[in-house]
Amino acid sequence: MCGIIGAIQKKGEVAPFIHQALKRLEYRGYDSVGVTTIADNELYMKKDKGKIDQVHKKLDLDDLPGSTGIGHTRWATHGIPSMLNSHPHFDCSNEIAVVHNGVIDNFMELRRELKKKGHQFESETDTEVIPHMIEDYMKNGYSLEEAVKEVALIIEGTYAVVAMCTKEPGKIVVTRDGNPLVIGKKENAVYVSSDIPAFLPMTDNMVLLLDGEIAVLTVDDIEIEKLSDGERVDRDAIKISWTADQAQKSGYPHFMLKEIHEQPDAIRNTLRLRDEEIEKAAKMIDNAERVFLLAMGTSGHAALAGRHMFASLGGVLATSELASDFADTVYDTITKSDLVVAITQSGETTDTITAVKSARQQGAKVLAITNVVGSSITRIADHTLITQAGPEIGVAATKTFMVQLTSLAQIALKLGEISGKPGTDELEKKRESLHGLPDIVSRVIATEEEHARQIAGLFYDSPSMLFLGRGISMATAFEGALKLKEIAYNHAEGYSAGESKHGPIALVQDGFPVFFVAPRDDTRSRIIGNIMEMKARGASIISVIEEGDDELLELSDHSFAIPKGVEPEFTTMAYVVPLQLVSYYMATRKGYDPDKPRNLAKSVTVL
Ligand code: G6P
């Protein structure tokens with residue numbers, strides 16, 4: 001949520017890099033953008049409301065002098081998207097520039113005090129208090145670093161802050177608490193950003209900055225210390241395994257489509273996770289008295305599917321909980337015998353991090369499944385599985401969902417091994433099916449993509465749709481509906497097919513689209529009953545079925561065929577693919593950009 005970047009180069013103008021880095025961060029927010037540089041002891045700034053390309057066309061974001069600069073692409077929290085509310089924000093004398101991601105809870109009070117002292121505010125944002133506070137300290141003889149330290153100790157809430165000042169050109173000071181910041185380093189340049197892809201084309205050397213730390217960046221040095229006691233932190237750079245190419249569209253019109261096509265490889269790579277890692281995760285589950293799967297959004301649907309996999313293969317009852325509601329429901333009952341499994345592609349979702357921290361306080365153990373090395377969740381968890389999707393740029397999660405499911409499936413198989421319940425042959429059959437999924441997903445994309453485009457063309461203007469499934473297919477149906485809402489803005493509801501007759505069926509009339517996720521598993525005969533109920537009321541039935549299931553083919557107005565050989569526990573991974581493609585093609589048919597859906601962001605770092 002909000003993309004921030006800072007960069008210092010030994011020579012050459014930095015603005016074109018900042019502009020490109022912001023483009024790579026645009027999935028974090030895109031209602032306004034701004035760039036500020038320092039040259040000849042002066043700040044140069046350009047910012048406005050709108051997506052980066054629009055603002056660049058108007059202002060030319062590349063045309064700013066100087067080799068030190070910062071930039072920001074915004075997802076509004078305090079103050080509407082407008083030129084004045086865009087970051088960077090400045091002090092009264094335009095000597096200090098700040099970009100910020102997060103929310104400052106005590107900004108009203110700070111703003112009041114600063115106004116009393118005569119500070120002039122231009123925006124409605126919480127962020128603007130920061131440059132004014134820095135200004136006050138610097139007037140009293142503090143260095144930029146000392147001033148940022150003082151400010152960090154006063155502001156409450158969550159933040160990642162990047163600041164620079166004309167009095168100390170060639171230097172950027174950064175600090176964080178609750179919002180991500182990573183530092184990139186190469187000879188003759190240093191970068192800081194809220195996410196790795198921003199500087200990936202320049203360097204794959206990353207230095208982590210942790211909550212409660214402050215770093216002073218110059219082109220030759222990175223100095224990190226703890227805010228609490230000033231203790232110096234020596235931290236080695238780590239190599240990022242992602243490549244810059246992975247963060248390009250590579251000829252696809254959108255990242256989302258590219259990422260859907262990358263799913264077979266993403267599964268393949270995640271299946272290579274070390275057995276010891278999976279075993280450690282499975283043992284944590286096996287040893288726990290109760291297991292809570294915590295997640296939000298698409299990851300929540302992976303949790304729901306994981307619950308089924310754990311029960312069916314491992315005989316383990318886990319509950320899946322929305323992280324945002326965890327504190328208000330089961331929190332009081334959590335003990336040290338419990339385990340929470342946090343599933344989060346970004347590793348930064350505040351709802352999830354907050355729930356996990358609170359469970360930890362009660363003594364629970366934490367297992368994390370995330371796609372981002374060094375993300376916040378990895379530092380809270382006792383054990384982390386890093387899924388191997390590579391960078392996902394499209395805001396609507398696709399391949400990260402797939403790899404979450406893959407690692408949950410691996411854990412479930414290991415639980416089966418530990419419990420010995422499914423039997424060796426049975427487990428082997430399941431394992432083979434899981435390892436066959438990359439090929440199956442490739443075939444689904446190859447055979448069903450054009451079909452998905454046609455279905456999208458038939459139903460894109462339907463104001464409302466239902467997505468129904470039973471058992472694990474509920475997770476698939478929920479995800480299908482979520483994708484459609486997120487990027488095509490059609491109202492869509494994912495529902496238990498069993499529950500659908502207790503309400504949603506009232507919506508159904510002639511031509512009302514109802515998607516059924518109907519693999520050939522134990523739920524099939526009951527799903528047929530639900531299809532009949534919907535048909536009897538005039539619904540248009542669009543089903544995702546197993547290849548050769550003639551009975552369901554006949555009952556459906558339209559259907560997608562999934563190759564045979566997918567075991568019931570893994571159907572979500574194959575059956576969700578046509579639904580992802582339908583959403584993609586509905587969004588593009590309606591002229592929307594599926595990579596940047598309105599009001600959404602890739603990682604949501606507010607509560
Ligand atoms: C946002 C994204 C979703 C994602 C959700 C949870 O809403 O737009 O795609 O599923 O956050 O994110 P996480 O990083 O925790 O998986």
Side-chain angles (χ1 to χ4, degrees), residues 1-3 25-30 75 77 101 178-180 194-197 254-256 259-260 266 293-306 320-326 340-357 366-378 380-381 384-387 389-408 475 478-489 494 572 576 579-580 583-584 587 592-607:
M1 200 158 259
C2 294
L25 285 174
E26 204 173 9
Y27 60 88
R28 296 184 65 87
Y30 27 83
W75 188 92
T77 54
N101 173 25
N179 284 99
S194 31
D195 216 343
I196 299 164
H254 297 102
F255 280 109
M256 183 181 177
E259 287 158 2
I260 290 174
L293 301 166
L294 298 186
M296 299 300 289
T298 291
S299 302
H301 299 151
L304 211 55
S320 96
E321 307 280 341
L322 276 181
S324 55
D325 289 302
F326 182 70
V340 297
V341 183
I343 306 170
T344 163
Q345 52 86 20
S346 64
E348 301 292 349
T349 300
T350 302
D351 285 315
T352 308
I353 301 284
T354 308
V356 166
K357 281 185 178 161
V366 179
L367 168 66
I369 299 176
T370 185
N371 198 48
V372 182
V373 178
S375 56
S376 298
I377 195 76
T378 63
I380 308 169
T384 305
L385 293 181
I386 303 284
T387 55
E392 185 177 73
I393 311 290
V395 165
T398 52
K399 63 174 178 170
T400 53
F401 179 55
M402 208 51 92
V403 294
Q404 290 169 343
L405 294 167
T406 308
S407 45
L408 288 164
F478 288 2
E479 179 58 11
L482 177 65
K483 284 281 94 69
L484 199 62
K485 268 186 282 219
E486 280 183 309
I487 61 169
Y489 316 142
T572 303
V576 77
L579 304 181
Q580 295 171 331
S583 308
Y584 172 80
Y592 300 133
D593 178 352
D595 288 341
K596 301 186 197 86
R598 70 180 174 220
N599 304 338
L600 300 180
K602 184 84 195 148
S603 75
V604 178
T605 48
V606 289
L607 280 177

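Numbering of ligands and ligand atoms starts at 1, following listing order.
- In terms of protein heavy atoms, atom 7 (O) of ligand 1 is closest to Val604 CG2, 3.8 Å.
- Note: no N/O pair closer than 3.5 Å links Thr352 and ligand 1 by distance alone.
- Counting protein heavy atoms only, atom 6 (C) of ligand 1 is closest to Met296 O, 3.4 Å.
- Annotation for ligand 1: atoms under 4.0 Å from non-hydrogen atoms of Thr298 are 10 (O).
- Side chains of Leu600 and Glu486 form a contact here, defined as non-hydrogen atoms less than 4.5 Å apart.
- Between Tyr489 and Tyr592, the ring-plane angle classifies as tilted under the 30° and 60° cut-offs.
- For ligand 1, the atoms lying closer than 4.0 Å to a non-hydrogen atom of Ala397 are 9 (O).
- Closest protein heavy atom to atom 1 (C) of ligand 1: Ala601 O, 3.4 Å.
- Distance from atom 15 (O) of ligand 1 to its nearest protein heavy atom, with residue and atom name: Thr349 OG1, 2.5 Å.
- Nearest protein heavy-atom contact of atom 14 (O) of ligand 1 is Ser346 OG, 2.6 Å.
- Put simply, the residue from Val403, Ile343, Thr572 that forms a side chain to side chain contact (heavy atoms under 4.5 Å, CB included) with Leu408 is Ile343.
- For the pair Thr378 and Thr370, the minimum side-chain heavy-atom distance is below 4.5 Å.
- Remark: ligand 1 and Ser299 share an N or O pair separated by less than 3.5 Å (distance only, no angle test).
- The closest side-chain heavy-atom distance from Tyr584 to Thr398 is not below 4.5 Å.
- Ranking the protein heavy atoms by distance from atom 11 (O) of ligand 1 puts Lys602 O, 3.9 Å first.
- On a distance-only criterion, Val395 and ligand 1 share at least one N/O pair closer than 3.5 Å.
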